[in-house]
Asker: 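Handing you a structure now.
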Amino acid sequence: MLQYILVLGSNLGEKEKNLKNAISFLSEKLTIISTTKPLKTPPLLNKNQPDFLNQGILIETKLNPAELLKLTKEVEKKTGRKINQRYGPREIDIDIAWFSDGKYKDDTLQVPHVFNRSRDWVKQFISELKPNALDAETNILYDDMNMKTITKIQDFTAKKQKGEKITVLTCYDYSMAKLLSKTSIDTVLVGDSLAGVFQGHKNTLPVTLDEMIYHAKTVRRGLPDAFITVDMPFLSFQISPEKTVKNAGRIMKEAQCDAVKLEGAGYLIETIKKLTDASIPVMGHLGLTPQSVLKTGGYKLQAKEKKEQENLIKDALAIEKAGCFAMVLEMIPADLAKEVSKKLKIPTIGIGAGAGADGQVLVINDLLGIDADFSPKFVRRYANLSEQIITSVENFCLDVRKKEFPGKKESF
Ligand code: KIV
């Protein structure tokens with residue numbers, strides 16, 4: 001016997017009745033072990049439609065995934081599904097979220113469902129119905145994934161209060177954003193580090209406001225529901241508080257992001273205040289501030305001396321008071337980051353700042369090992385994509401030269 005978790009949803013007609021009817025039709029052909037309570041959820045992707053009522057069910061059957069899919073389609077029809085628009089409104093929708101045999105994939109079905117990891121309520125359904133269920137795609141327990149990703153600034157502090165670490169990655173383009181939309185990452189940053197990893201500049205100074213907005217727009221398309229923070233680039237916030245509000249306003253309006261980040265404190269405290277007064281959420285950034293590299297002379301560990309550490313603590317408190325909702329701490333001693341994190345109510349997001357920060361951020365290219373020549377001490381590589389990319393390209397070239405690509409399968 002196989003076990004499956006099905007996720008049912010309805011946002012047209014009598015939603016509760018539709019769920020009940022679908023479960024009843026399913027029970028004629030398979031065993032229902034347990035069900036969650038129906039839960040109201042907002043529509044994702046296509047937002048112009050009524051809220052959904054969703055319900056998870058754990059079932060047992062001899063049917064394989066393809067046979068079960070066929071049955072769910074029949075049950076959808078019997079329950080009264082009329083419209084077949086993908087991500088559109090529907091009387092009933094039945095997804096196969098998880099199954100006890102691990103993974104399944106054919107042209108029409110993929111189990112586990114690709115959005116399990118990024119939908120908080122699906123993870124909650126799975127954990128409730130099958131504690132210790134493993135996500136066969138990543139080999140990670142659903143229980144170990146975040147059950148509540150970040151959607152608003154208040155969620156940052158709420159996570160800190162609950163002692164939940166915040167996960168942040170940079171993202172610069174649509175394809176990567178689309179991949180991240182299938183993970184449980186809390187939030188993403190369109191960092192001005194894109195000047196280096198995407199544009200090939202030797203530091204972050206050359207990237208322009210227009211370019212940041214361009215990248216942020218592409219990220220938003222791949223992550224329509226994520227909380228996205230965008231870096232204010234060099235000289236877009238240093239000139240005057242008024243100009244900064246205008247520039248930040250452009251980022252917010254044109255890229256439809258949720259917050260901006262800017263480096264530094266001191267004279268910028270007034271600017272941060274102006275932004276937050278204008279209801280623009282701001283993430284701070286202390287420690288190594290790469291836009292100051294020409295002044296500081298390199299990318300080195302910051303705040304090693306007592307006086308510098310005291311100043312950094314003062315700056316962090318001033319940034320919090322000015323209204324920032326979170327703060328990046330880059331390349332500072334771990335003990336200092338721990339102390340700052342203890343003193344602040346808002347969360348700190350560390351990069352090269354040890355384990356005491358309230359969250360961690362990495363440049364996604366570094367985590368994936370896209371540049372084999374760049375591996376600073378604070379990065380943990382989870383993949384070596386540079387090797388895979390180079391090998392894939394060489395194999396493509398080889399196949400074309402040997403006239404083995406395209407083959408019959410790839411031709412019309
Ligand atoms: O630009 C960036 O990517 C950043 C992170 C490294 C924090 O500021």
Side-chain angles (χ1 to χ4, degrees), residues 150 156 165-173 176-177 180 185-209 211-216 218-219 223 226-238 248 251 255 257-265 268 272 281-293 296 298-302 312 316 319 324-332 337 340-341 346-354 357-368 370-371 374-381:
I150 285 174
F156 282 84
K165 293 281 186 188
I166 297 168
T167 55
V168 190
L169 281 172
T170 67
C171 186
Y172 317 113
D173 69 307
M176 198 62 84
L180 289 180
I185 190 84
D186 284 319
T187 176
V188 304
L189 169 70
V190 183
D192 63 351
S193 49
L194 71 84
V197 294
F198 214 93
Q199 299 180 321
H201 294 298
K202 67 176 191 302
N203 57 43
T204 57
L205 273 56
V207 64
T208 66
L209 183 63
E211 287 165 347
M212 289 305 298
I213 292 173
Y214 165 83
H215 281 277
T218 68
V219 172
L223 275 162
F227 188 99
I228 298 177
T229 303
V230 180
D231 252 332
M232 296 203 69
F234 181 57
L235 289 194
S236 71
F237 63 91
Q238 291 92 340
I251 297 178
C257 65
D258 302 281
V260 296
K261 172 164 87 59
L262 58 86
E263 296 179 4
L268 292 166
I272 294 174
V282 185
M283 184 183 279
H285 185 151
L286 288 178
L288 178 75
T289 48
Q291 291 179 21
S292 311
V293 65
T296 56
Y299 301 104
K300 295 175 282 197
L301 183 69
Q302 302 293 302
L312 191 139
I319 284 178
C324 280
F325 66 90
M327 184 182 317
V328 167
L329 295 177
E330 182 164 357
M331 276 191 88
I332 61 170
V340 175
S341 307
I346 60 169
T348 59
I349 313 290
I351 173 160
D358 303 304
Q360 296 293 329
V361 56
L362 281 180
V363 166
I364 192 149
N365 296 47
D366 298 345
L367 162 153
L368 296 175
I370 289 181
D371 182 352
F374 186 72
S375 66
K377 176 177 161 64
F378 59 80
V379 168
R380 183 175 295 175
R381 271 204 189 149

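Whatever order the structure lists them in is the order used to number ligands and atoms, beginning at 1.
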Asker: Do you know the tightest heavy-atom contact between Y172 and I364?
Answerer: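 Where Y172 meets I364 most closely, the heavy atoms are CE1-CG2, 4.5 Å.
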Asker: Under 4.0 Å from a heavy atom of G191: give me the atoms of ligand 1 that qualify, with their elements.
Answerer: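 Numbered from 1, ligand 1 contributes 1 (O), 2 (C), 3 (O).
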Asker: Within ligand 1, which atoms have a heavy atom of K261 less than 4.0 Å away?
Answerer: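 Counting from 1, the qualifying ligand atoms are 4 (C), 8 (O).
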Asker: Please say whether S193 places an N or O atom under 3.5 Å from an N or O atom belonging to ligand 1.
Answerer: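 N/O-N/O distance below 3.5 Å exists for this pair.
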Asker: Under a 4.0 angstrom heavy-atom cut-off, which atoms of ligand 1 come close to H285?
Answerer: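 So the answer, numbered in order with elements, is 8 (O).
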Asker: List ligand 1 atoms under 4.0 Å from T170, heavy atoms only on the residue side.
Answerer: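 Once the distances to T170 are compared, the set is 3 (O).
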Asker: Regarding ligand 1, does D231 bring an N or O atom to under 3.5 Å of one of the ligand's N or O atoms?
Answerer: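 Indeed, backbone or side chain, D231 has an N or O that close.
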Asker: For atom 5 (C) of ligand 1, what's the nearest protein heavy atom and its distance?
Answerer: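 Its nearest protein heavy-atom neighbour is L189 CD2, 3.7 Å.
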Asker: Considering all heavy atoms of both residues, which atom of I166 and which atom of F156 are nearest to each other, and what is their separation?
Answerer: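 For I166 versus F156, the nearest heavy atoms are CD1-O, 3.7 Å.
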Asker: Ligand 1 versus I349, non-hydrogen atoms closer than 4.0 Å: side chain, backbone, both, neither?
Answerer: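 The answer is neither.
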Asker: Considering all heavy atoms of both residues, which atom of G352 and which atom of F378 are nearest to each other, and what is their separation?
Answerer: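 Looking at all heavy atoms of both residues, the closest pair is CA-CB, 3.3 Å.
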Asker: Under 4.0 Å, heavy-atom basis, I'd like to know which part of I351 is in contact with ligand 1: side chain, backbone, both or neither.
Answerer: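 Within the 4.0 Å criterion, I351 contacts ligand 1 through side-chain atoms alone.
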Asker: Looking at C324 and G284, what are the two nearest heavy atoms and their distance?
Answerer: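 Shortest heavy-atom separation between C324 and G284 comes out as SG-N, 3.7 Å.
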Asker: Looking at every non-hydrogen atom in both residues, tell me the closest pair between F325 and T229 and how far apart they are.
Answerer: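 Shortest heavy-atom contact: CZ-OG1, 4.2 Å.
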Asker: Should F234 and T204 count as side-chain neighbours, where that means a heavy-atom distance under 4.5 Å?
Answerer: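 With C-beta onward as the side chain, the pair stays apart.
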Asker: More than 12 foreign heavy atoms under 6.0 Å from OH of Y214: is that the case here?
Answerer: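 Atom OH in Y214 is not packed in, count stays at 12 or less.
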